[in-house]
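Before any comments, here is the structure.
Quantities reported herein were computed from a predicted structural model and do not represent experimental measurements. Below, chain A is the first sequence line, B the second, and so on; all start at residue 1. Only heavy atoms go into these numbers, but all of them, side chains included; no hydrogens, no water, no symmetry mates.
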Amino acid sequence: MKRNSWQDYQKQIADDRYYYARSCIRQNFFPGSERAFIDILTRDLGRDLLDDPKHSSCTGIGYHSDIVPLETIMTVVARQFSLMNEAGYENFVTSCITSFGIYTEILATWQEFPETEERTREHLRKATGREFVKPASLAHTSDIVFHFRDEIAARAKRRLVNVATGEPLRVVEHIGCHYAKIFPKSGIGGSEFPYVLAGMIEAWGGECVDYPERRHCCGFGFRNYLVQANRGYSIANSHKKLESMAPYKPDFIVANCPGCAMFLDKWQYAIAEMEGTTYGEDGHGIPVLTYEEMAGLVLGYDPWRLGMQMHQVDVEPLLDKMGIDYDPAAKYLGRNGKFIGKPETAAVNCGQSDLVYDMRE
Amino acid sequence: MAAIHFGYTISKPRAIDLDRNNLRKSDEILREMPELQTCIGCGSCTAVCTAGNLTEFNFRKVHTLVRRGEYQGAYEEMNKCMLCGKCRLVCPRGINTRGVVLLIKRKLGDF
Amino acid sequence: MKRVIIIGGGPAGMQTALCLVRRGIEPVIVECENELGGKLRNWHVLFPTFTPASDVLTELRRKVRENRIGVHLSTSVETFTDRQATLSDGRVLTCDAVVVATGFTLFDARIKEEYGYGIYDKVITSADLERLFNEGRVVQAAGEHPRRIAFLHCVGSRDEKVCQQHCSRVCCVTGVKQAIEMRRLFPEADVFNFYMDIRMFGPGYEELYREAQQRYGIHFVRGRISEAAPTHDNRLQIKAEDTLTGRPLRMSVDLLVLLVGMRANDQNAAWAADNGLNQAPSGFLQPKDLFLGNVRSGVEGIFYAGTVTAPKTIGETVNEATAAADAVADYLTTKA
Amino acid sequence: MNFFVPFCIPFIVGAVAMFITLAWKWGLWLYRLPRADKKRIVCGLPTRATLDAAGEVVCESLLHRRIFRVNPLLGYMHMSLAFGWFLLIAVGWAETIAYVGFRWVPLQGHVFFRYFATGLPHKPVFAFIMDLLLLFVLSGVALAWGKRFFSKRMGMRRTTRHVLGDRIALSALWFIFPARLIAESTTCALYEGGGFLTGTIGAWMGEHISTMTLLTLESVAWWFYSSCLGIFFVALPFSRYMHIFTEIPLIFLRRYRLRSDEKESSYDRFQVDACSRCGICIDPCQLQSVLGVDNVQSVYFLRDRRYGMLRAEVADNCLLCGRCAQRCPVQIDLNTLRINSRDRLHNIPAERRYDYLKGVDRSSGTGKVGYFAGCMTLLTPRTLVAMERIFHAAGEEVWWADRDGSVCCGRPLKLAGETDAACKMREYNTELFRKHGITTLVTSCPICLKVFREDYALDGIEVLHHSQYIFRLIQSGRLAIERGAGQFTYHDPCELGRGSGIYDEPRAVIEAIGLLLEPVDTRENALCCGSSVANTAITDGQQLQIARSVTAELEATGAGTIVTACPLCKKALGRGAVHAEVRDLSEIVADAVSK
């Protein structure tokens, strides 16, 4: 079944000159992904992107956990815009879905209630003496990758195809609630049939898995995860998704939101340890990728340079399927060749850890 | 494999999953007491319930859950019933409610 | 001239008579009460438009008078066949056909003892409420400043315990209509409707329901009241289960209105046995079929109009009376 | 004379087998009796109870007095078989002594004495008496045959459907006496002698049948007679005829005050096996007469229980109305046995059940008189209002135990077999009554009344049904009643009438108010309304069917008002009534209270 309803939800995406705002979770858990995004845009696609060291967290996690008040977060966002103006950019791209949701929400609030924008300007002026102009366009980094999906496909070194069988890889895509569930118009494809990741997968030769709990939340839910007493509810959401997708035997999961990627990956470990259940092949986990990693693999980047050794679930089975050459022994070597430590083996892992170099030995 | 305890457990899904629930016992119960199927959920039984006014016991809810294949705890709940029979006097569908209590206890004693 | 006896002078009987006159047939209405109008006489306003019942009634009565239709008041029919009827005063009227338009009997709410009707002054029926509205005595029953008024749906309908399994249809919308009226009369009072199902089948009914919720803030609680008991301050405590929350609910009210259902006349059984008519399990007379023969009895020369066959609204009743007259005329023409 | 011939073998084997089985059964049952029961027996033995029991054994086991009350013909049938046979044995014994003096004669010598006595001088008196007794018994056998086909003549619309074992024993029994007649007659034909029956038939046979044939016939007839006895004796302990030897100890044990209880005990075996499956309990059962349910009546319940094949469907499908126990000629405590069977089937340990009762107290008011309306009465508020008016009129200070809901009395749980759980209710309510220091407890619900009276330890608190209480108020002049022109009929609630023996007070109260018209079945024979909490098996429709049949009978009295004294009966009859009004006793009293 080919759904075309996503075409009703389109948005303008700037073609060049981006002001890049990083993500708290992504830069901590998937630092290679943000690096890859910058590299793809600047080196492969030759676009201009500013990775401004001056910008800060959007404080979205604090906001959604009722720690940061609305006025505060509006002022923080206003400062980011001011920094962008200062650098001479007007296309704001953000790496994080939560941030994307925050920016969208605040711009909409300012639109609806101009007095709040006025108050924010005043707060920003008082706090920093800055002024700001709202961005000409706001996009999530996945929107940018989606925008260039055909260009990337043209440059592809590999496709999302099982080299052994020639069959397309079966991919579960997870959008993240704050991408389009709050403002359906702000996401490509809207909230019911978001197309941003599906578009990439289809363009690069893979096949999307449409499973019953496709739209379900990963369970992060901020307070639900952050308060330990509620964590059982948080994990239950990922559990529900994994139970629902497992029968389709997906080759990997690709997530839009850094939080979702982290939870879908790490909860597989927790579930395996708590209940002994695993969802992937041969009793191991299902690899979870960010779309930057997916794009990176397609463009022929080295998996360890993409930071894929940081995943909880080993990605080697996927790399093998895609026919990617990699050095298993170099997995836990950092950029400078130094050993970065290796995790204990767990049920969801399958890489042979005795092969890796350990500088201590 | 020894399970690790992380300080929390995976919350059980709240959804009544009719694909997963085993409805065999529920079917047996309805076969023996077909009139239970005629319940329109008016709640009269629960409103008059002697036990239900002293504790959380909700006859309507428990037997409805049982009919959906949710047997967990049904036996313990039904054990709160005092069998006083007020519910049977008010049921607009003429359901033998006391019989239902005893039947559910008989069928679901080991759940 | 052909003569048709119409048993019952309510809206169905009057409308049938009027339609027959227009077709050159002589109708004779036999009414057991001392005036025409049936149960409509005690009604205040009609759902869903709040049209005064008297508007409908006055119009029908006026036409009956103008057309000089023969009416026997304070007279009931003891037995009848398709060719004659024996009246309670001993007279025997001959005729060419009979239309049974005897309507229904109101359910006696005292049978549902647990609701306390006839025991506590604060419990009245929907029919009482209409009468009180007509007499302007609602305040007397509810008190000057009632804080809470409760309506209970399905009293004597859909209840095996009183051997009434059918749905009386009109009570749901009557409950909504009366709740709105009470809310208009007592803007300070909270009005609660306790229901098992809300069945809004007619034009404008669902809209009225929504208006009751939205504009009049009437509370709808899904649960059937099971008991009523007096409180020390002379109010009434009612108990129900709020089934949507799954918890028992109790509250004190200043007035409890029982929406009593329509039940079949006791007389139906004897008449059915006399003439070979069919009775539905509910006790109402069963028409030949529900599609092309819903005003025919299945017995030559005997026809039905109105709620003698099932609970109906005034509008439906009047329409059916027209259809009955049509069927009678057809029958008399074919026979001639 | 050695009193032995080969045809005696079936009889001897049968008799020995029977006596061994009987001894084993009696011994085991007695041995397994609870210590307290054994003590009762020992203490009872040297008292009058033993004499009374012996008297009762004669009256009931032999003469079947109680069956005579049901129907004289049926009584005669049972008496002729039991008493007749007993006399045959007793007189036979005397006959032996008369012939051979006081010397030891083996059992078969007495039984087949006619065969052995051919060589001895003829004693016509004994021959006459023995023939008379044989005729007596044979008339019973003939009636038993007749009962198969004309049961209605004997006051039984329906008779018991028997199992195979019973049929074998029954057939053997029916053949015993005709076989004896033929055997003795043939012997008379060959050797003369005999009385008016055997002698006459013998003479006729001697004339018409050749001696050779008679010799063969004699041998065959005695073998057949002995075999019938043998088969009957072997079958007896395992068939309904076990009642012959069980009723006797049962009568003694009952006189020694042994009783069945909510838990099964060895004493129950005496009761269960004492059932003769006469089927008298079938006709009064309304499940049978109104609903056509024909496999749950006490006779079938006891049979299934005895053979260990009791199913819950049978045990649970009973109104426990007591109409069968009322008629039972053996006076088996059918309701209690049914309850303790249910206990075995359904009872569940209740240590942690009903913990939520702790600290609950929803009572109101103060007074030495407590009023416990009962759960069901809360659904008949007219009764509550009437009681309030009566209390007020009598100037009684009342403690209202459960006007705002309370804890069930526990009887419904007990009736359903959950006796341990019922215990929890009892503990709770007893504590509640004690806490409020009442001295009189009035209840409007006969179900509560029965359990308060029988299972609660309420020493110092007098338990009254509201009918009794009202009666006392009227009698003592505290409540003035105005007699009116009303015509009433009264429905006896099972738990109040047969259950608690309260028949007169409600009637006296009604008669103080108006005219009382009795229905056909009244007092001990009153019908059950059908909504009894004891039956968890029948459907609502079936309850309604019973209610309609009962109200039809009550309405047939012509009374405008059906009065009852139980909320459940009131609800049930209210559904069945066509034109009469159904009211609680308290309501008509409250209306008649002088202003």
Side-chain angles (χ1 to χ4, degrees), chain B residues 14-16 33-68 70-74 76-78 80-101 104, chain C residues 107 109 111-116 150 152-168 171-172 192-199 220-229 237-251 253 256 258-261 263 281-282:
Chain B
R14 287 193 68 236
I16 296 167
M33 192 73 75
E35 69 219 57
L36 186 56
Q37 193 72 286
T38 66
C39 172
I40 45 174
C42 71
S44 299
C45 48
T46 311
V48 290
C49 182
T50 305
N53 277 298
L54 300 172
T55 177
E56 295 274 288
F57 174 55
N58 183 323
F59 175 65
R60 179 189 57 77
K61 218 163 153 179
V62 176
H63 81 63
T64 311
L65 282 170
V66 166
R67 281 191 287 150
R68 305 279 184 270
E70 296 283 319
Y71 310 126
Q72 196 76 48
E76 288 74 16
E77 279 300 306
M78 285 305 188
K80 292 181 181 163
C81 166
M82 302 187 195
L83 286 177
C84 73
K86 275 174 91 182
C87 46
R88 191 170 185 185
L89 278 185
V90 296
C91 178
R93 290 290 179 153
I95 297 168
N96 177 1
T97 49
R98 300 173 78 242
V100 171
V101 173
I104 288 179
Chain C
F107 177 76
I111 297 170
K112 294 295 290 180
E113 191 182 337
E114 54 266 41
Y115 301 149
L152 173 59
H153 291 235
C154 295
V155 176
S157 304
R158 308 175 71 204
D159 187 350
E160 299 211 8
K161 287 285 144 54
V162 293
C163 309
Q164 304 294 327
Q165 299 190 18
H166 63 276
C167 165
S168 299
C171 338
C172 280
F192 290 80
N193 280 43
F194 289 85
Y195 67 96
M196 300 201 281
D197 291 296
I198 290 273
R199 299 179 167 181
F220 284 84
V221 182
R222 194 188 175 285
R224 190 163 169 266
I225 296 175
S226 61
E227 282 168 79
Q237 189 194 59
I238 53 177
K239 291 182 191 168
E241 188 204 356
D242 185 348
T243 60
L244 300 184
T245 61
R247 286 169 58 189
L249 175 150
R250 54 172 67 192
M251 68 190 291
V253 296
L256 171 62
L258 307 176
L259 293 160
V260 285
R263 114 183 148 72
S282 58

(request) Indicate yes or no: at least one non-hydrogen side-chain atom of Lys161(C) is less than 4.5 angstrom from one of Pro92(B). (result) no
Heavy-atom closest contact ([X] atom, [Y] atom, distance):
{"X": "Ile40(B)", "Y": "Met196(C)", "result": "CD1-SD, 3.6 Å"}
{"X": "Glu241(C)", "Y": "Ala47(B)", "result": "N-CB, 3.3 Å"}
{"X": "Asn58(B)", "Y": "Arg247(C)", "result": "ND2-N, 4.2 Å"}
{"X": "Pro248(C)", "Y": "Asn53(B)", "result": "CB-OD1, 4.0 Å"}
{"X": "Val90(B)", "Y": "Arg224(C)", "result": "O-NH1, 3.0 Å"}

Comparing Gly43(B), Cys42(B), Gly94(B) against chain C, the one with the most heavy-atom pairs below 4.5 Å turns out to be Cys42(B)
The interface call for Arg93(B) against chain C, heavy-atom contacts under 4.5 Å, is both
Bottom line for Cys49(B): the part with an atom under 4.5 Å from chain C's heavy atoms is neither
Does Lys61(B) reach the main-chain N or O of Thr243(C) with its side chain, forming a donor-acceptor pair under 3.5 Å?
no
One option among Glu160(C), Lys239(C), Gln165(C), Gln164(C) has the most heavy-atom pairs under 4.5 Å with chain B, and it is Glu160(C)
CG (Leu249(C)) and OG1 (Thr46(B)) are apart, to the nearest 0.5 Å, by 12.0 Å
